[in-house]
Amino acid sequence: MTDSDKPINFIQQIISNDLASGKTSKVVTRFPPEPNGYLHIGHAKSICVNFGLAETFTGHCNLRFDDTNPEKESDEYVQSIIEDVKWLGFSWNGDIRYASDYFDQFYQWACDLIDQDKAYVCELNAEQMREYRGSLTEAGQDSPYRTRSADESRALLEQMKAGDIAEGTMTLRAKIDMASPNINMRDPVLYRIKRIAHHRTGDKWNIYPAYDFAHGQEDAIEGVTHSICTLEFAANRPLYNWFIENLDVPSKPQQYEFGRLNLNYSITSKRKLKQLVDEGHVDAWDDPRMPTISGLRRRGVSPTAIRNFCESLAVAKTDGVVDMAQFDYFIRDDLNNNAPRAMCVLKPLLVTLSNYDKSEVFTASAHPQRDDLGSRELAFDDQIYIDQSDFSEDTSLSRKKFKRLVLGEYVRLRGAYIIRADEVIRNSDGEIQEIKASVVENTVGADAPEGIRPRGVIHWVSVPNSLDCTVNLYDRLFDQPLPDSGEGSFTDHINPDSLKVIKGCKAEASLVDAVASKPYQFEREGYFCRDSQSESLVFNCTIGLRDNWKA
RNA sequence: UGGGGCGUGGCCAAGUGGUUAAGGCAUCGGGUUUUGAUCCCGACACUCGGAGGUUCGAAUCCUCCCGCCCCAGCCA
């Protein structure tokens, strides 16, 4: 689908109107992650939306860290997020922004609010504040500290800032309406005391602004015109606007919400992803089973696949669950187009070619539809490996049902000869140990001779010219479509068989050069890339080939 | 329950009162193929959460009802 025939979404309509009416002259958006974890596929959608909007309307998109809570944040997360956004192929406008760069301004604005009698220092503790807040159906009650004088609040806020007040004992609150039907408007907390070092400001601050008191102002400072966030922030919008209206901010951004991405058999919650890491259910944030950007990267998923998938998603106000198959489609689509082909035998079965005593080198194209990807050389010798699943002694198997090697019959070795299986050699346990076979002369690059009908085409690798390697096969991390719903914890639904490590695989020699960033299709198996964290030759299966045949 | 938001095929959705309700994924047929891949062709909503109403005409407007999501952190 091209941009021109793709329907425009409701945010694009709003922006078009704003541009047409002159309300907006240059579109500015922003991607504002909190550095409290690694980015995941859900963030990718948000990134594509925000950077995409800036691109289609020739505006700007900022990268801003919403680092207002030092308790959960770290520089490691900052660095990983920067890397992931870059890797996805987006470039932000100007320098990277940090909410923490605006802390002085926020403090000034807090003082302004106090002076306007629109904020006060409250000494209710968390539990009391909850009681005073009321409920969904009952109005809240005013805090006894609500009528405190501006001078007193100013002095107290100063002490909070100076570190003279214990955590949890005081907050700065907006004076709005304790009876508001919107609970977010019931005198929300603006500043809380956290006597903890911040990864950027160190121990300069003992108080930190709450999300609501920071986000809109960050947008205003940066001249963000359209502040796009997810649906769960809709109830915060009136508060967002309240600060914009009551503060002397340099611009008037508008918040719009869209539905976040949910994927079945997966989880898109930083908190829960962190739990998977912390509790050791996965190896790390970049475990190839993780739906994190870094996990997908290590798995072999390309930025293009992620972006195409995100482009295929609707930007709307519905909150649905996208089928993982839709993501799979875009992963395969990109890999099929761009991954060079190679052969790797996962479960080797030795085949000795009794009528062949040469060594040849065949040239095979790297891609059946793309000559520009060049070719590679395939060594062929009198002993080869084929996959155990590609051989059967059962001669009653129909040609339609089993398009592989059967005892006494023919099969095409991809890019090489047609061979016939002649004899099965067993070990003392009765297991098949080796196949004796014979090649059909002059069948390389040529049609099968009269009377010989190979059942199909199978992949293979030369014994003396193969590489020993390990292959990691992955299954979905969860065994339920909605691991989050229902009784119990999402960790109860972790698929115990999500990783299968296969050692002793045999890869074609050209794969010595494999690097982590370069994908391959192992023919008839799937798409693989070299694991970035392993010294030895280890391949991660990005995704299998589509498998349409029914046995 | 107060407030906010949302309900169109298995999934994601377009649709902004007027031809046979786009498209993608999935699924099911068939063709091509030295990958059971790719590619190509075809099938797949008398009906838009439900019931009324307005209208010559309704998925689109009105009324009522039903269902789902979000908000009661000194998280974001």
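In this text, all values refer to a predicted model and were calculated from it rather than measured experimentally.
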Under 4.0 angstrom, heavy atoms only, what part of the nucleic acid is [X] near: base, sugar-phosphate, or nothing?
| X | answer |
| --- | --- |
| A/Val411 | nothing |
| A/Arg173 | nothing |
| A/Ser365 | nothing |
| A/Ala446 | base |
| A/Pro238 | nothing |
| A/Gly140 | nothing |

Measuring only the [atom1] atom in each nucleotide, how far is [N] from [M]? A whole number of Å is fine.
| N | M | atom1 | value |
| --- | --- | --- | --- |
| B/rU35 | B/rC69 | P | 48 Å |
| B/rA37 | B/rG30 | P | 13 Å |
| B/rU60 | B/rC25 | C1' | 26 Å |
| B/rU47 | B/rU32 | C1' | 37 Å |

Centroid separation under 6.0 Å, is that true for the rings of A/Tyr417 and A/Tyr356?
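Yes, the ring of A/Tyr356 comes within the 6.0 Å limit of the ring of A/Tyr417, centre to centre.
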Taking the six-membered ring for Trp, are the ring centroids of A/Phe528 and A/Tyr520 within less than 6.0 Å of each other?
no
Spacing of [X] atom [atom1] relative to [N] atom [atom2], expressed in whole Å:
| X | N | atom1 | atom2 | answer |
| --- | --- | --- | --- | --- |
| A/Met185 | B/rG4 | CE | C1' | 13 Å |
| A/Ile543 | B/rA37 | CD1 | C1' | 12 Å |
| A/Phe380 | B/rU34 | CZ | C1' | 14 Å |
| A/Lys403 | B/rU32 | NZ | C1' | 12 Å |
| A/Gln326 | B/rG24 | CD | P | 11 Å |
| A/Met178 | B/rG3 | CE | P | 18 Å |
| A/His367 | B/rC39 | NE2 | C1' | 11 Å |
| A/Phe258 | B/rA14 | CZ | P | 14 Å |

Ignoring hydrogens and geometry beyond distance, is the side chain of A/Gln13 in donor-acceptor contact with the base of B/rU16 at under 3.5 Å?
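Checked by distance alone, the answer is yes.
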So does A/Gln521 reach the base of B/rU35 with its side chain, donor to acceptor, closer than 3.5 Å?
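Flag set: donor-acceptor pair detected.
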Can A/Arg148 be said to sit on top of A/Tyr120's aromatic six-ring, NZ or CZ under 6.0 Å from centre and within 45° of the ring axis?
no
What is the base-pairing partner of B/rC28, counting Watson-Crick and G-U wobble geometry with both distances under 3.5 Å?
B/rG42
When both hydrogen-bonding distances must be under 3.5 Å and the geometry is Watson-Crick or G-U wobble, what is B/rC6 paired with, if anything?
B/rG67
With nearest nucleotide decided by heavy atoms, which residue, A/Tyr527 or A/Asn264, maps closer to the 5′ end of RNA chain B?
A/Asn264
Judged by each residue's nearest nucleotide on RNA chain B, which is more toward the 5′ side, A/Asp447 or A/Phe330?
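So the residue in question is A/Phe330.
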Are the side chain of A/Thr443 and the backbone of A/Ile418 linked by a donor-acceptor contact shorter than 3.5 Å?
yes
Has A/Arg399 got a side-chain atom pairing as donor or acceptor with A/Pro454's backbone, closer than 3.5 angstrom?
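Pair found, side chain donor or acceptor close to backbone of A/Pro454.
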What nucleotide, of [options], holds the atom closest to the side chain of [X]?
| X | options | result |
| --- | --- | --- |
| A/Arg412 | B/rA13, B/rC11, B/rU34 | B/rU34 |
| A/Arg546 | B/rU38, B/rU35, B/rC25 | B/rU38 |
| A/Lys317 | B/rG5, B/rC11, B/rG36 | B/rG5 |

State the syn/anti category of B/rG9 according to its glycosidic angle, syn meaning within 90° of 0.
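Nucleotide B/rG9 adopts anti.
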Thinking salt bridges, do A/Arg546 and A/Asp328 make one under a 4.0 Å N-O criterion?
no
With a 4.0 Å limit, can you tell me whether A/Arg332 has a side-chain N or O closer than that to the phosphate oxygens OP1/OP2 of B/rA37?
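Checking A/Arg332 against B/rA37: no side-chain N or O falls below 4.0 Å of OP1 or OP2.
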A/Arg524 vs B/rG36: side-chain N/O to OP1/OP2 distance below 4.0 Å
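Yes, within the criterion.
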Heavy-atom check, side chain of A/Phe213 versus side chain of A/Arg173, under 4.5 Å:
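The answer is no; the side chains never approach within 4.5 Å.
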Are side-chain heavy atoms of A/Ile458 and A/Arg524 found at a separation under 4.5 Å?
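Touching, per the 4.5 Å side-chain cut-off.
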Per the side chain to side chain donor-acceptor pair (under 3.5 Å) rule, which among A/Thr68, A/Asp66, A/Asn236 passes with A/His215?
A/Asp66
List the protein contact pattern of nucleotides 71-76 of chain B with one symbol per nucleotide (5' to 3'): B for base contact, S for sugar-phosphate-only contact, - for none; contact means a heavy-atom distance under 4.0 Å.
BBSBSB
